[in-house]
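Scroll down for the structure; my scribbles are underneath it.
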Amino acid sequence: MQLWERTAADVASLIASKEVSAAEVTESCISRTNEVEGDVLSYLTLTPEAARAKAAEVDSAVAAGDPLGPLAGVPMALKDIICTQGTRTTAASKILDNYIPPYSATVAERLYAAGGTMLGKTNLDEFAMGSSTENSAYQITKNPWDLERVPGGSSGGSASAVAAGQAPFSIGTDTGGSIRQPAALCGVVGLKPTYGLVPRYGLIAFASSLDQAGPITRDVRDAAIVLQVIAGQDPRDSTSLPSPVPDYVGALAKGIDGLRIGVVKEISGEGVDPAVQARFREAVQLLEKLGAKIGEVSLSTFGFGIDIYYLIAPAEASSNLARFDGVRYGLRVDGPDVATMNSLTRAAGFGPEVKRRIMLGTYSLSSGYYDAYYLKAQKARTLIARDFARAYEEFDLLVSPTAPTTAFKLGEKTQDPLTMYLSDICTVPSSLAGAAAISVPAGLSSDDGLPVGIQFMARPMDETTMLSAAYAFEQELGPLPKPPLWSTS
Ligand code: GLN
């Protein structure tokens with residue numbers, strides 16, 4: 001097995017036990033990236049020199065017998081919406097084309113401090129708005145399973161980098177599904193933490209009441225390891241939770257036996273592709289075999305998740321994106337006066353989906369429409385949280401498919417934003433409730449041979465139960481085939 005094929009846990013232990021050096025691991029991932037990047041286009045910026053320098057530091061620490069962080073020498077890729085000091089950070093937007101942050105996000109700082117070596121910044125839908133990564137202002141990322149298909153989005157570059165063997169793990173952000181849906185479409189694991197568990201300081205904001213960063217990995221253990229590193233309060237994010245961080249890795253072995261697991265009717269049947277449904281049902285049988293008590297649960301508000309999300313997220317985006325005005329950051333298109341300069345900059349700097357969201361958000365927040373749209377959506381959001389709470393009186397975890405389809409063809413949904421929005425039907429409820437969720441590969445669709453993900457949803461702050469169930473499921477299912485691209489070396 002080549003080093004680039006290894007998981008983060010494997011790489012970290014091989015380096016700590018001096019079986020391989022961090023430099024060798026880094027070189028393996030860099031050469032793998034050179035080999036496949038032209039096909040998949042996962043990255044917006046590559047930082048091989050920074051990765052080599054960090055690997056050299058780790059190797060000196062190993063030689064000196066210094067204590068090592070849990071990710072010492074592990075290569076990683078960060079979504080290009082996460083600020084990295086001195087490294088260009090674009091949010092895949094022309095408006096931030098020349099933006100070099102003067103500081104790093106908490107998530108990035110914690111990963112560096114744990115010993116991670118950053119290979120580069122990954123592609124995304126502009127400002128994380130989208131479900132296919134086709135809204136990037138720079139390039140179209142391809143799905144390693146089929147280069148004519150999307151990797152999902154908005155963290156499509158982060159998911160494809162892990163699935164193509166370019167990095168053992170990456171970080172994505174999830175506002176309505178952007179970690180879980182691309183993870184499902186690329187056949188990898190993606191975890192959206194409870195809102196407030198992972199600090200948002202230094203993430204370029206899309207919808208602040210929903211945004212969370214989280215790991216995309218090749219297995220559940222790695223997701224637990226990375227979450228352990230990035231979770232925990234940071235006073236620089238006022239919404240970050242003060243609760244202690246549990247031992248996620250230690251809890252993996254707890255298993256599934258005796259857990260009550262509810263299948264959510266509204267997001268597991270109608271509207272979900274039959275081949276995805278079939279694979280999902282088999283996954284549920286496996287959970288039952290492992291000792292879970294399975295029941296069906298109907299949560300009527302989940303059917304309104306998309307409607308609620310597409311009022312709240314654009315409303316917050318319209319406010320957050322007001323800061324990109326040609327004065328504070330990035331692009332500036334001059335005009336005869338300040339107002340014209342602002343509007344010329346925004347007209348040239350933002351892509352069509354971002355403009356659509358700003359218009360939707362501004363409309364729903366405007367006087368006369370606020371009560372009918374934004375306020376109503378906020379009330380409905382509370383009802384979703386209540387539906388979850390009711391379900392958790394009866395169940396420990398809820399499950400559904402992660403996405404209604406497997407990876408779709410490039411260009412298939414770009415002309416029809418509403419169809420694209422439906423890609424998030426299974427993922428938005430946990431986002432609106434601020435709860436935790438993870439997507440784990442459940443096998444391949446019998447229809448098109450592409451990956452299908454199962455989503456485990458947990459109570460807020462119950463990542464331990466969610467991870468232990470996901471881990472037991474993954475172990476029982478056994479290793480899955482790798483994407484065709486895996487064998488090109
Ligand atoms: N696809 C959803 C959207 O377009 C979710 C995006 C995200 O989670 N960042 O808003």
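FYI, the numbering just counts along the sequence from 1. Just so you know, ligand 1 is whichever comes first in the structure, and atom 1 is the first atom listed for that ligand. All values reported here derive from a predicted model rather than from experimental measurement.
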* Asked: Is there a heavy atom in Tyr421 that sits closer than 4.0 Å to ligand 1?
  -> no
* **Distance from atom 10 (O) of ligand 1 to nearest protein heavy atom, with residue and atom** => Tyr309 OH, 2.7 Å
* To do: Could you tell me whether Glu148 atom CD has more than 12 heavy atoms of other residues or ligands within 6.0 Å of it?
  => no
* To do: Mark up the atoms of ligand 1 that fall under 4.0 Å of a heavy atom belonging to Ala128, in ascending order.
  => 6 (C), 7 (C), 9 (N)
* Asked: Is it true that atom OH of Tyr421 has more than 12 heavy atoms of other residues, nucleotides or ligands lying nearer than 6.0 Å?
  -> yes
* Asked: For Leu185, does its backbone N or O pair with a side-chain atom of Asn143 as donor and acceptor, under 3.5 Å?
  -> yes
* Structure fact -> Under 4.0 Å from one or more heavy atoms of Asp174, ligand 1 contributes atoms 8 (O)
* Between Ala207, Ser178, Gly176, Gly177, which one has a non-hydrogen atom sitting closest to atom 6 (C) of ligand 1? -> Ser178
* Is ligand 1 less than 4.0 angstrom away from at least one heavy atom of Ala313? -> no
* **Exercise: do Asp211 and Thr173 side chains pair donor with acceptor under 3.5 Å** => no
* Compute whether any side-chain donor of one residue and acceptor of the other, for Ser160 and Ser42, lie under 3.5 angstrom apart. => yes
* Quick one: does Arg357 get a heavy atom under 4.0 Å from ligand 1? -> yes
* **Subset of ligand 1 atoms that lie under 4.0 Å from at least one heavy atom of Ser154** => 9 (N)
* Close N or O approach (Phe206, ligand 1; < 3.5 Å) -> no
* Donor-acceptor pair, side chain of Arg346 and main chain of Leu321, under 3.5 angstrom -> yes
* Asked: Is the backbone of Tyr363 close enough, under 3.5 Å, to the side chain of Ser366 for a donor and an acceptor to pair up by distance?
  -> yes
* Asked: Does one side chain, of Ser400 or Gln455, offer a donor that lies under 3.5 Å from an acceptor on the other?
  -> yes
* Could you list which atoms of ligand 1 come closer than 4.0 Å to a heavy atom of Gly130? => 1 (N), 2 (C), 3 (C), 4 (O), 6 (C)
* Distance to 0.1 Å, residue and atom name: give those for the protein heavy atom nearest to atom 3 (C) of ligand 1. => Tyr310 OH, 3.1 Å
* Asked: Counting heavy atoms only, which part of Asp424 comes closer than 4.0 Å to ligand 1: side chain, backbone, both or neither?
  -> side chain
